[in-house]
Amino acid sequence: MTTEPTTAPAPEARTFKAEVQQVLHILAHSLYTDREIFLRELVSNASDALNRVQFEMLTNHDLLDPEAEPAIWVEADSAQRTITIKDTGTGMTRDELVDHLGTIAQSSARAFVQQTKEGNKAAASEIIGQFGVGFYSVFMVADKVTVLSRSFRPEAEAALWESTGGDSYTVSAAEREGRGTTVTLHLKEDASEFASTWRIEQIIKKHSDFVAFPIYSGERQINQRKALWRRAPREVEADEYKALYRQLTFDSDEPLLHIHLSTEVPVDLHSVLFVPAKRERGLIERRVEGKLKLYSRKVLILDEAKELLPAYFRFVEGVVDSEDLPLNVSRESVQSSPVMQRIKKALTSRLHRELNELADQKPEQFAAFWQEFGVFIKEGVASDYEGRADLLKLLRFHTTRGGDELVTLGQYKSRIVDGQSEIYYVLAASLDAARTSPHLDPLAARGLEVLLLTDLMDGFMLGGLRDYEGLKLRNIDEADLELPGEVEAAAPQVSDEQFARLAERVTAALGDKIKAVRASKVLRDSPARLVSDDDGMGREMQRIQQMLGREAETSPRILELNPSHGLVAALALRAEANADDPVVVAAAEQLYDNALLIEGLHQNPASMVPRILKLIEAAARPE
Ligand code: ADP
């Protein structure tokens with residue numbers, strides 16, 4: 001191996017792009033506690049380059065060194081205070097060295113600078129790998145770095161890139177046997193600890209143990225010989241799964257669930273899937289297409305595969321490996337291959353099975369899952385007809401029965417009363433609001449359980465959840481809701497004439513906002529509610545639009561007033577005494593707004609304040 005350039009032309013000096021200079025400055029002058037991650041970045045670059053060259057080899061037979069072992073070699077020299085990382089990956093031409101190691105995407109640099117500025121030191125190691133600035137992390141520990149590289153393209157010549165990390169670097173022609181890249185770090189004095197074979201092996205074990213290519217130190221392979229997902233599940237320790245998760249995701253939390261599948265029939269499939277603990281992992285989460293890596297015969301086919309699971313499982317991370325995938329084809333056609341469909345089916349049903357088991361055996365953990373990812377399951381119910389039966393089993397609801405207890409549709413069904421043929425639900429702004437909903441009055445009186453739906457996603461979900469095992473879902477705000485069982489009606493406190501007069505006043509006060517005013521036959525503890533007499537689906541879509549803050553015409557509803565309620569009786573008396581009583585008008589408007597508020601549909605609650613003040617004033621005035 002030649003590490004020095006040939007005599008030929010003098011090295012060409014170049015300056016880094018401004019963004020690189022900025023990043024280098026931060027890296028070289030900040031005190032990072034976890035500087036060791038530079039090695040993870042170099043190994044990861046080497047592994048990427050090996051992946052790329054292997055992928056190339058599937059279709060291109062005209063490349064340098066087809067027989068070279070795909071591997072990574074690391075070496076430390078304490079006397080020279082150097083570390084060398086060598087790979088047989090794609091290598092880089094002189095132009096590629098300039099392009100890849102002299103520039104960074106502006107957006108990445110900006111994001112990096114932004115993140116580190118915010119005093120986010122602890123997270124520096126997590127940030128570095130995510131913004132495409134990985135290579136430059138070498139300048140945390142080195143004051144001079146050389147990259148000797150030769151591309152896999154047969155006609156390309158080797159080149160040498162060299163920098164001391166300031167504002168500039170040089171490139172020159174060089175000699176290198178065979179394809180690949182050799183990065184040499186001349187360590188800073190305060191980083192001499194890394195020039196130790198023991199130390200670099202320790203770092204690789206910690207951060208790069210699952211890299212899919214052998215990493216050699218001297219003659220010895222120091223990372224796992226066999227990919228974890230290709231080992232028998234019973235031989236893998238819990239800690240090893242955690243370590244794999246960390247290496248895949250950079251997530252410092254432990255995953256909520258790991259699933260290891262290993263089958264040969266009906267499809268060859270080895271996979272480790274993870275459900276993270278949290279839906280969001282802060283600002284530094286990468287935006288990705290999909291979170292699964294797809295391998296076949298040790299070649300990384302897709303880094304961000306999204307076709308391997310239904311969209312609603314897109315929070316699942318992991319690795320999928322199958323020998324059955326056709327390899328001599330493009331990435332696009334891999335995705336449409338029938339094998340992909342079989343893999344997808346196997347992964348999906350296994351995930352459902354494990355989640356159901358989690359629910360049975362570890363209800364607390366399942367509750368945590370539901371809290372974070374329930375919204376994806378609801379989305380699945382709305383959008384994935386195929387998965388419906390499985391998805392319905394995972395659904396959980398708050399109901400009028402329990403406090404915080406979550407209820408399945410199956411449990412609801414098992415508790416229905418004689419004559420009940422529907423599943424009742426109420427839509428509201430929050431659980432507290434739902435529990436005060438006036439629509440609950442007649443159901444509470446009959447002891448009927450009601451699902452409390454408070455998520456924006458619930459509206460979408462209902463689109464796919466019209467019935468469950470023969471029971472229709474029914475919104476209890478319907479004007480003509482028929483309920484099983486009899487209850488004694490509450491005694492009216494106003495005469496029909498008094499009520500008619502009040503209804504007239506309220507109709508005049510609310511105008512187009514409502515369709516009509518009528519006496520409620522079902523309200524008991526609540527004075528008023530808004531009921532709908534049109535098609536439920538249209539109403540729920542309107543609701544979604546409104547909750548998203550979009551302009552949406554609400555079709556006017558019917559205002560029901562409760563003749564047995566003291567407030568309604570008091571208003572009726574006032575309307576009788578003075579047809580133009582402003583308190584009656586204000587109260588009517590407020591009752592209407594209250595109904596919207598509880599349902600989460602009030603666009604501007606603050607606008608109620610002046611009216612509430614007037615009502616308080618009227619109440620406070622001495623008789
Ligand atoms: P990232 O790896 O996130 O793209 P880096 O700064 O680590 O960002 O690397 C920049 C680019 O340099 C890589 O995308 C790759 O094209 C190239 N590169 C780095 N190391 C190697 C290597 N060992 N072999 C081939 N190309 C490499």
Side-chain angles (χ1 to χ4, degrees), residues 1 3 16-17 19-24 26-28 37-57 63-65 68 70-75 83-113 115 124-142 145-153 156 158-163 165 169 171 174 176 178-185 204 207-208 211-213 215 247 250 284 286-288 300 303-304:
M1 187 175 82
T3 47
F16 284 116
K17 281 268 155 57
E19 296 81 34
V20 181
Q21 293 184 19
Q22 233 179 337
V23 168
L24 285 178
I26 294 174
L27 287 170
I37 56 105
F38 76 91
L39 194 52
R40 174 187 83 192
E41 297 304 318
L42 292 178
V43 167
S44 143
N45 282 348
S47 164
D48 288 348
L50 286 161
N51 276 324
R52 274 182 276 131
V53 83
Q54 286 201 317
F55 195 78
E56 183 75 25
M57 278 189 205
L63 40 70
L64 193 62
D65 269 352
I72 301 165
W73 290 262
V74 293
E75 227 167 275
I83 306 179
T84 311
I85 293 95
K86 186 182 114 181
D87 66 65
T88 45
T90 51
M92 286 174 274
T93 62
R94 181 185 176 124
D95 286 348
E96 285 168 339
L97 279 167
V98 170
D99 278 354
H100 296 157
L101 305 183
T103 59
I104 329 183
Q106 243 184 31
S107 56
S108 303
R110 214 180 301 129
F112 177 74
V113 172
Q115 282 291 315
S125 69
E126 293 180 31
I127 302 166
I128 283 166
Q130 316 228 357
F131 291 121
V133 300
F135 172 77
Y136 302 103
S137 65
V138 293
F139 290 105
M140 295 190 295
V141 295
V145 177
T146 64
V147 181
L148 174 66
S149 197
R150 184 161 168 199
S151 164
F152 68 94
R153 292 177 192 83
L160 181 77
W161 180 102
E162 189 173 315
S163 174
Y169 61 97
V171 275
R176 188 188 193 280
R179 166 194 94 208
T181 303
T182 308
V183 181
T184 305
L185 275 58
I204 285 172
H207 294 289
S208 313
V211 167
F213 302 94
I215 305 174
Q247 290 190 20
F250 301 103
I284 59 165
R286 289 172 306 151
R287 294 248 162 259
V288 290
L300 180 66
D303 198 22
E304 299 180 0

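Just so you know, ligand 1 is whichever comes first in the structure, and atom 1 is the first atom listed for that ligand.
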Checking heavy atoms under 4.0 Å, the part of T90 that sits near ligand 1 is side chain
Report the relative orientation of the aromatic rings in Y136 and F16; use parallel for angles under 30°, tilted for 30 to 60°, perpendicular for over 60°. perpendicular
Taking a cutoff of less than 4.0 Å between a non-hydrogen atom of the residue and any ligand atom, is M92 in contact with ligand 1? yes
If we only count N/O pairs under 3.5 Å, is Y136 in contact with ligand 1? no
Side chain, backbone, both or neither: which applies to D87 and ligand 1 if a contact is any heavy-atom pair less than 4.0 Å apart? side chain
Hey, which of V43, I83, L27 is the one that makes side chain to side chain contact (heavy atoms under 4.5 Å, CB included) with F38? I83
Side-chain heavy atoms of H207 within contact of L39, under 4.5 Å: no
Contacts of Q54 that satisfy side chain to side chain contact (heavy atoms under 4.5 Å, CB included) - sequence neighbours left out: P70, F213, V299
Counterpart residues, salt bridge (charged side-chain N to carboxylate O under 4.0 Å, His left out), relative to E96 (two or more places apart): R153
Can you tell which part of E96 has a heavy atom less than 4.0 Å from ligand 1: side chain, backbone, both or neither? neither
Quick check on contacts: which atoms of ligand 1 are under 4.0 angstrom from a heavy atom of F135? 5 (P), 6 (O), 7 (O)
Take atom CD of Q21 as the centre, draw a 6.0 Å sphere, and report whether it contains more than 12 heavy atoms from other residues, nucleotides or ligands. yes
Under 4.0 Å from a heavy atom of L101: give me the atoms of ligand 1 that qualify, with their elements. 12 (O)
Are any of the N/O atoms on H100, whether in the backbone or the side chain, positioned under 3.5 angstrom from an N/O atom of ligand 1? yes
